[in-house]
Enquirer: 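Got a structure for you, questions after.
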2 protein chains.
Amino acid sequence: MIRIVIAEDHQALIDGVKLSLEYEKEIKVIGEANDGEMLIDLVVKLKPDMVITDIRMPKCDGITATQKIKELYPEVKVIAFSMFDQREAITQMKAAGASGYVMKNSSLKTLLSAIFSVNEGKHFFDDKIIIGDENSEEKIILSRREKEILGLIGQGKTSYEIAEVLFISKSTVDTHRRNILRKINVHGKTDLLRFAIERKYDF
Amino acid sequence: MIRIVIAEDHQALIDGVKLSLEYEKEIKVIGEANDGEMLIDLVVKLKPDMVITDIRMPKCDGITATQKIKELYPEVKVIAFSMFDQREAITQMKAAGASGYVMKNSSLKTLLSAIFSVNEGKHFFDDKIIIGDENSEEKIILSRREKEILGLIGQGKTSYEIAEVLFISKSTVDTHRRNILRKINVHGKTDLLRFAIERKYDF
DNA sequence: AAAAAAATACCTATAAATAGGTATTTTTTA
DNA sequence: TAAAAAATACCTATTTATAGGTATTTTTTT
């Protein structure tokens with residue numbers, strides 16, 4: 001039996017994950033935290049086998065929480081659960097002692113695979129993550145221009161407005177936009193915006 | 001001379017605010033922090049007269065940071081700087097010892113007014129904030145259905161998909177959507193989404 | 001029971017974003 | 001210098017969202 005504590009500030013996501021994990025007899029969710037401080041408290045209280053934690057949370061983020069947890073209980077496995085493929089986050093989570101990294105938009109099967117792998121002492125990093133060579137400092141997924149445009153999208157600007165600001169045609173902005181969607185593997189403005197907004201927080 | 005430290009995880013916003021404050025001779029921005037921990041360190045190091053801080057930041061949020069700062073240096077004035085009109089945030093910031101609350105979409109004149117008022121020992125809370133009577137626990141701005149729909153929008157669902165989930169027509173969803181935009185006083189999906197996403201974090 | 005608020009739903013029209021295609025020029029890297 | 005990557009730009013078409021209007025039914029509050 002793998003005893004798990006989930007930390008995630010979106011209760012809806014916790015509910016979803018719990019529901020899916022309930023079908024697995026070998027897994028039991030023994031605690032839920034909505035922020036990093038709650039997570040640490042729960043780990044101290046419950047001594048779980050594993051922690052599945054969001055990276056960005058109120059009060060104390062997942063990286064800091066992981067560091068503390070690993071300091072206190074090195075035997076507790078940690079899987080990071082994040083919205084996007086962000087290599088700094090992966091690097092920092094690895095450094096903090098996490099054994100796995102799963103993206104929220106991956107299937108719950110992926111999460112299950114991660115849980116079982118990590119439980120066996122292995123490491124698990126989500127396939128969806130576009131990994132360069134381990135050495136490369138930071139894999140530039142988006143080009144400079146694409147990052148610039150993504151920033152402007154995050155500021156609420158329309159393609160036409162972005163075109164005006166950058167002195168290029170709307171067609172070009174649309175093309176960049178399409179390429180960004182393809183590169184970060186999302187569809188629709190919601191996820192694009194979530195990426196644009198959260199990438200700044202979610203490390 | 002009012003010596004100010006700004007804490008905000010969007011460097012672009014810091015730059016904008018700094019630029020505007022530079023024209024004021026009585027104000028000097030003596031430090032910038034990109035997260036709550038940095039903010040506390042800077043306050044200890046620089047002993048500013050005033051702190052302008054975002055509420056949602058990595059590592060340590062603005063509320064916790066404000067509590068710590070007020071504990072250490074009760075004479076340091078704090079102005080909260082947040083994206084939206086969220087009464088829990090205001091309540092918590094007040095409790096933590098903040099003297100003012102300004103929304104990011106207010107004009108910089110508002111921020112200046114806040115700085116000067118707070119510097120004179122007054123309190124300043126942004127006009128844009130829809131305040132009910134001080135007693136009312138939480139002013140319900142959005143109706144239950146509107147909140148539900150906003151949540152689904154935040155999950156990336158289209159109006160049609162939301163209609164399907166709630167067993168109502170797309171027209172109705174669009175009407176609710178329009179009313180939500182009106183009530184929170186924004187235009188366009190970006191701000192709507194920012195509201196939907198950030199209201200969960202930004203307290 | 002009457003008034004107010006919330007939820008329902010449709011109409012028209014425009015603006016914005018997505019998705020597919022192609023293609024040229026510029027810049028960077030090997 | 002040749003190849004690869006990035007930036008530029010247009011075409012078509014569909015879907016989604018915004019903005020204005022109006023109007024009925026249901027629920028809640030006074």
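Order of the sequence lines sets the chain letters (A, B, ...), proteins ahead of strands, with each chain counted from 1.
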Enquirer: Starting the side chain at C-beta, find the nucleotide from dA17(C), dT16(D), dA19(C) nearest to R177(A).
Expert: dA17(C)
Enquirer: Nearest whole angstrom, please: distance from the P of dT14(C) to the CG of D174(B).
Expert: 17 Å
Enquirer: Provide, to the nearest angstrom, the distance between the CD atom belonging to E164(A) and the C1' atom belonging to dA16(C).
Expert: 14 Å
Enquirer: Tell me the interatomic distance from D191(A), atom CG, to dT18(C), atom C1', rounded to whole angstroms.
Expert: 13 Å
Enquirer: Atom CD1 of I180(B) and atom C1' of dT18(D): how far apart are they, to the nearest Å?
Expert: 13 Å
Enquirer: K189(B): which residues meet the side chain to side chain donor-acceptor pair (under 3.5 Å) condition with it, sequence neighbours left out?
Expert: T190(A)
Enquirer: What pairs with D49(B) under side chain to side chain donor-acceptor pair (under 3.5 Å), at least two apart in sequence or on another chain?
Expert: none
Enquirer: Which residue pairs satisfy the salt bridge (charged side-chain N to carboxylate O under 4.0 Å, His left out) criterion with at least one member in residues 157-168 of chain A, sequence neighbours excluded?
Expert: none
Enquirer: For nucleotides 8-11 of chain D, list the nitrogen or oxygen atoms of the protein found under 3.5 Å from its nitrogen or oxygen atoms, one pair per line.
Expert:
unit_1  : atom_1 : unit_2  : atom_2 : d
dT8(D)  : OP1    : R145(A) : NE     : 3.3
dT8(D)  : OP1    : R145(A) : NH2    : 2.8
dT8(D)  : OP2    : R145(A) : NE     : 2.9
dT8(D)  : OP2    : H176(A) : NE2    : 3.1
dA9(D)  : OP2    : S169(A) : N      : 2.6
dA9(D)  : OP2    : T172(A) : OG1    : 3.0
dA9(D)  : O5'    : T172(A) : OG1    : 3.3
dA9(D)  : N7     : T175(A) : OG1    : 3.4
dC10(D) : OP2    : S169(A) : OG     : 3.1
dC10(D) : OP2    : S171(A) : OG     : 3.2
dC10(D) : N4     : T175(A) : OG1    : 3.4

Enquirer: Taking only residues two or more places apart in sequence, or in another chain, which ones meet E37(A) in a salt bridge (charged side-chain N to carboxylate O under 4.0 Å, His left out)?
Expert: none
Enquirer: Could you pull out all residues at least two apart from L42(A) that satisfy side-chain contact (heavy atoms from CB on, under 4.5 Å)?
Expert: V5(A), A33(A), L46(A)
Enquirer: Just the atom pairs and distances: protein N or O near nucleotides 25-30 of chain C's N or O, under 3.5 Å.
Expert:
none

Enquirer: How about Y160(A): does its OH atom have over 12 heavy atoms from other parts shown lying under 6.0 Å from it?
Expert: no
Enquirer: I need the CG-P distance between L152(B) and dT16(D), as an integer number of Å.
Expert: 16 Å
Enquirer: Would you kindly give the CD-to-C1' distance between E161(A) and dA17(C), to the nearest whole Å?
Expert: 13 Å
Enquirer: Holding to side-chain contact (heavy atoms from CB on, under 4.5 Å), I want the full list of residues that pass it with D41(A), two or more places apart in sequence or in another chain.
Expert: none
Enquirer: Between P on dA17(C) and NZ on K189(A), what's the gap in Å once rounded to a whole number?
Expert: 4 Å
Enquirer: Atom CG of L181(A) and atom P of dT15(D): how far apart are they, to the nearest Å?
Expert: 18 Å
Enquirer: E71(B): which residues meet the side-chain contact (heavy atoms from CB on, under 4.5 Å) condition with it, sequence neighbours left out?
Expert: none
Enquirer: Considering residues at least two apart in sequence or located in another chain, which fulfil the side chain to side chain donor-acceptor pair (under 3.5 Å) criterion with S169(A)?
Expert: T172(A)
Enquirer: Does E146(B) or H187(A) map to a spot on DNA chain C nearer the 5' end, using the closest nucleotide for each?
Expert: E146(B)
Enquirer: Quick one: list whatever passes side chain to side chain donor-acceptor pair (under 3.5 Å) with K45(A), sequence neighbours left out.
Expert: none
Enquirer: If you fit an axis to the five pairs at each end of the helix from dA1(C)-dT30(D) to dA30(C)-dT1(D), how big is the angle between those two axes, to 10 degrees?
Expert: 70°
Enquirer: Does K70(A) NZ have over 12 foreign heavy atoms under 6.0 Å away?
Expert: yes
